[in-house]
Amino acid sequence: MLSIEKLNISVGDKKILEDFNLKIGKGEVHAIMGPNGSGKSTLSYVLAGKDGYEVDGKIIFKNENIIGLPADARAQKGIFLAFQYPIEIPGVFMNNFLKTSLNAVKKAKGQKEVDVVEFLSLVKQHAKKLGIKDEQLGRALNVGFSGGEKKRNEVLQMSLLEPDLAILDETDSGLDIDALKIVADGVNALRSPNRSFLIITHYQRLLDYIKPDFVHVMVNGSIVKTGCSKLAQELDKIGYKEFQKAI
Amino acid sequence: MNTITDIKELSELRAISSNLFNKYGFPTKKDEDWKKSTLNNFLENNKKLEIYKDNNETIYDKAFENFNHNKIITVNGLVQKIEFVGKDKDKLIITTINEYYKKNNKHLSKLFSNKKNPLVVANNALATSGFYLEIKDNLDLPIIIYHQFNSKIDQMQLHQKNYIYINKNSKAVLFEKFINENIKTFISINTNIDVEKNSHIKNYILNSHNTENCIFRFKKVNIAASANYESFIFSNITKTIRDEVEINLNESLAKCYLYYTQFLKNDEDHEIKVKINHLAENTQSNQFSKSIIDGTAKGIYQGKIFVDQIAQKTNGYQLIKSVLLSDQCTFHSKPELEIYADDVKCSHGSSSTSLNKDELFYLMARGIPEKQAKRLIVQGFLSEVIEKISDDVFKNYFISKTEEMLK
Ligand SMILES: Nc1ncnc2c1ncn2[C@@H]1O[C@H](COP(=O)(O)OP(=O)(O)O)[C@@H](O)[C@H]1O
Ligand SMILES: [Mg+2]
């Protein structure tokens, strides 16, 4: 599905990722854990196609090097990023935004676009599962949403767009335990042999609900250790200090 | 019939204005209020425009809106057709300004009093046409004034003076639509509006498809106790237009709301000048403007709030925002406050930014193509002002105009 080879990312003089390598197979769930500032969000942005970084190396997604492709093209090819900090856009209304997004992706995939009626029934169905109120769908995008509502809104978009690769950047932070369960259920419902996940998190908590196939520890822009889901539990006890020392 | 004949009192007033106009001439860059104005260039290059006086006109009826309304059609400044509907017929009076002068010369000095603004002085001296409109009571339907200008006035100058009087306890919506052919004309429209006690007037204006004309619109609005004046000006594809308004909040609980949105591209420009005079206690003013500027276009907003020493408990609010889409476009905003009372709440804010890259990335990361994503952001930005329009029919009208404009 995804193969990242010798990826170097910098902004000006600051190197953020160095010789980063990662392979994610079809249907696999990978977790990346690491301390603040290790470059996790930057990795997710670069995978989604954000401008403003010097990028070197290869990002092979479904057998195609996507470096240089703009964000809209990557989303249309099936990459989805759930943002750590979803932005508020005043005046852009949820329903209109979601429908525009869904139809843009459908169009790119050569599928039939949905009309208003189909869209509304689809979005309500997904929103209900995630505990998102209809009233919220009539509001401006993320404007006045609580931290938890913003995160749930990210998962709503993910379930609508049905990506092949979903990257979740700290979708668990800021959620109470009930909201965390709802989000985890939303993610688990999407797990399928054809869909891969990259879950970036700070805490092991989320991984109790979404069982990863692999756990990677990321420090200072590189992966320093890879293991199975047990590694997450270890990390929760010992923290990242040991790995930071090693570097 | 339509032209302004000379009544004795009027000719005296006009002689004064003529003398002043001879002294001032058209405004230049040296004049503080006109420093950044693009009207100067036009007037500089077109000094000898013939004054238009004819009155045989043809009406362009394709511009009519398809919802029910009271129609006033002016062509090249002259009222050519009136169509009032149902009960509204008894609540509206319209005559030529000339007829009005003949009967009511007590207001003349008020209408011709401006001695400072060179283009208003020119209008006082040179006006050849205009109407008097009286709204006597609550109207059922909106009034639409179709201001049509055609090739008959190419390479000329046209000065129109109007007076709109809104009787007490009346509610009305007045929409003005400007329809211009591609002509090179200086059009000056000076409108005095009196809003009497407890009346509410909503004055919406569509500036569109003006690429050659130079248009100067000056409105003076007097607002009485517990009366409201709400205006919204939507500008798109406009070149060399100056919209100027002076508002007098004369009595307690008088309020005004001035809303503007504009989308300027290529080498378009639009200037807005606002002066609000708080002249009594408990008065309120609100200015909210949003502009999208692209290409080499130029936007200007000069807004001044004056608070007289007796105008305690004044509320004056001004927010001017713009988004610049290119490196070569400009937006100037000049807020001014002059306050002589001490118990006053006044605030002004102004910001000019480029398109938010993070917003753009978010939308594109959801598969929305760049062009469409930009359009969504721009539309969202402008809609914050449009949402303030208190008449739902026109709110929706301008929402669809915005969508059309961004296509
Ligand atoms: N645009 C940028 N310019 C300069 N430094 C940046 C930029 N973006 C991120 N960084 C820096 O890169 C490092 C990694 O940041 P980030 O990817 O947000 O880490 P994480 O998500 O793991 O907390 C931090 O030191 C951060 O300050
Ligand atoms: Mg981060």
Side-chain angles (χ1 to χ4, degrees), chain A residues 44-53 69-94 96-109 111 113 139-143 150 153-154 156-158 160-163 166-167 169, chain B residues 232 234 259-263 288-292 319-323 325 349 351 353-389 392 395-396 398-407:
Chain A
S44 74
Y45 286 149
V46 168
L47 290 176
K50 190 175 182 176
D51 291 337
Y53 303 96
L69 277 187
D72 52 340
R74 296 190 198 194
Q76 289 164 9
K77 284 184 187 297
I79 294 181
F80 181 91
L81 166 62
F83 285 75
Q84 182 176 5
Y85 304 109
I87 195 166
E88 300 185 4
I89 314 187
V92 172
F93 290 92
M94 281 280 287
N96 186 22
F97 156 71
L98 293 173
K99 181 165 168 277
T100 309
S101 159
L102 179 61
N103 278 338
V105 170
K106 282 197 176 290
K107 194 177 164 191
K109 287 183 185 163
Q111 296 171 358
E113 295 178 36
R139 301 213 320 237
L141 183 53
N142 290 327
V143 176
K150 283 180 184 167
N153 188 19
E154 295 295 291
L156 171 67
Q157 294 168 44
M158 179 169 74
L160 279 174
L161 297 181
E162 303 180 321
I167 305 157
D169 189 2
Chain B
F232 172 67
F234 178 101
Y259 305 130
Y260 299 89
T261 63
Q262 49 185 345
F263 183 25
F288 191 17
S289 166
K290 286 200 170 193
S291 308
I292 300 282
L319 186 60
I320 314 304
K321 287 187 164 184
S322 61
V323 170
L325 296 181
S351 72
T353 54
S354 50
L355 197 81
N356 188 321
K357 291 242 165 63
D358 293 331
E359 293 181 2
L360 187 62
F361 174 57
Y362 189 96
L363 297 183
M364 288 176 69
R366 296 303 178 246
I368 301 173
E370 184 170 351
K371 249 178 120 169
Q372 205 176 356
K374 281 185 176 166
R375 203 188 307 149
L376 274 177
I377 296 170
V378 163
Q379 196 174 332
F381 175 76
L382 296 178
S383 77
E384 275 201 308
V385 176
I386 298 173
E387 288 296 324
K388 300 267 180 199
I389 295 174
D392 283 339
K395 185 195 288 179
N396 292 329
F398 284 113
I399 288 172
S400 63
K401 280 280 161 205
T402 308
E403 281 166 5
E404 223 173 86
M405 164 178 99
L406 295 171
K407 256 184 195 143

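Note that these values count all heavy atoms, side chains included, but never hydrogens, waters or copies made by symmetry. Each chain gets a letter, A, B and so on, in the order the sequences are listed, and its residues count up from 1.
A heavy-atom distance below 4.5 Å is not found between the side chains of B/Leu363 and A/Thr100. You'll find the side chain of B/Met364 reaches within 4.5 Å of the side chain of A/Pro70, heavy atoms only.
A/Ala75 approaches B/Arg366 most closely through the heavy-atom pair CB-C, 3.9 Å.
Interface residue A/Ile87: backbone and side-chain heavy atoms are both found under 4.5 Å from chain B. Within the 4.5 angstrom heavy-atom criterion, no atom of A/Asp51 approaches chain B. Of the two parts of A/Pro163, neither the backbone nor the side chain holds a non-hydrogen atom closer than 4.5 Å to a non-hydrogen atom of chain B. For A/Ala108, no part lies near chain B; criterion is any non-hydrogen pair under 4.5 Å. For A/Leu141, the part lying near chain B is the side chain, with the backbone staying farther off; criterion is any non-hydrogen pair under 4.5 Å. Both the backbone and the side chain of B/Glu359 have a heavy atom closer than 4.5 Å to some heavy atom of chain A.
Note: A/Ser101 leads A/Ala104, A/Gly49, A/Ala140, A/Ser101 in heavy-atom pairs under 4.5 Å with chain B. In terms of heavy-atom pairs under 4.5 angstrom with chain A, the leader among B/Ile377, B/Ile368, B/Leu382, B/Ile386 is B/Ile368.
Expressed to the nearest 0.5 Å, how far CG of B/Leu360 lies from NZ of A/Lys50 amounts to 11.0 Å. Rounded to the nearest 0.5 Å, atoms CD (B/Gln372) and CG (A/Asn103) are 9.0 Å apart. Interatomic distance, CG of A/Asn142 versus OH of B/Tyr362, reported as 4.5 Å (0.5 Å rounding).
Ring orientation note: the planes of A/Phe83 and B/Phe361 are nearly perpendicular, at an angle over 60° on the 30°/60° scale.
Counted within 6.0 Å of NZ on A/Lys107, heavy atoms from surrounding residues, nucleotides or ligands total 12 or fewer; the atom is thus considered open. The local environment of NZ in B/Lys321 is sparse, with at most 12 non-hydrogen atoms from other residues, nucleotides or ligands closer than 6.0 Å.
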